[in-house]
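To keep things clear, I will list the structure first and then write my remarks on it.
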Amino acid sequence: MRAALSILGLVIAFAIVFGMLNKQARQMRPPASAASAPVASPDAVRQQLQDAAQQAAQRASEAMP
């Protein structure tokens with residue numbers, strides 16, 4: 001009897017864990033609207049990074065006494 005209750009407890013615990021994993025996996029999926037969103041081109045991203053680096057260098061040089 002003790003073994004049967006132990007196995008039943010394990011089955012219930014596994015059911016709870018898998019239910020939580022399934023819920024989290026559904027939350028991680030991107031929404032349908034995000035999948036169709038436009039993706040920035042690599043050139044645009046590169047330009048933004050260069051601009052940010054130049055601004056950071058300018059602010060750093062201004063901050064130096």
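Arg46 has its side chain within reach of Gln50: a pair of non-hydrogen atoms, C-beta onward, lies under 4.5 Å apart.
For Ile12, the side-chain contact (heavy atoms from CB on, under 4.5 Å) test picks out Leu8, Ile16, with sequence neighbours left out. Judged as a side-chain contact (heavy atoms from CB on, under 4.5 Å), and not counting sequence neighbours, Gln48 has no contacts.
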May I have the step-by-step check of side chain to side chain donor-acceptor pair (under 3.5 Å) for Asp51 and Gln55, ending in yes or no?
CA-CA 6 Å; Asp51 291 344; Gln55 288 177 359; over 6 Å; no

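In this structure, the separation between CD on Gln27 and CG on Asn22 is 10.5 Å, given to the nearest 0.5 Å.
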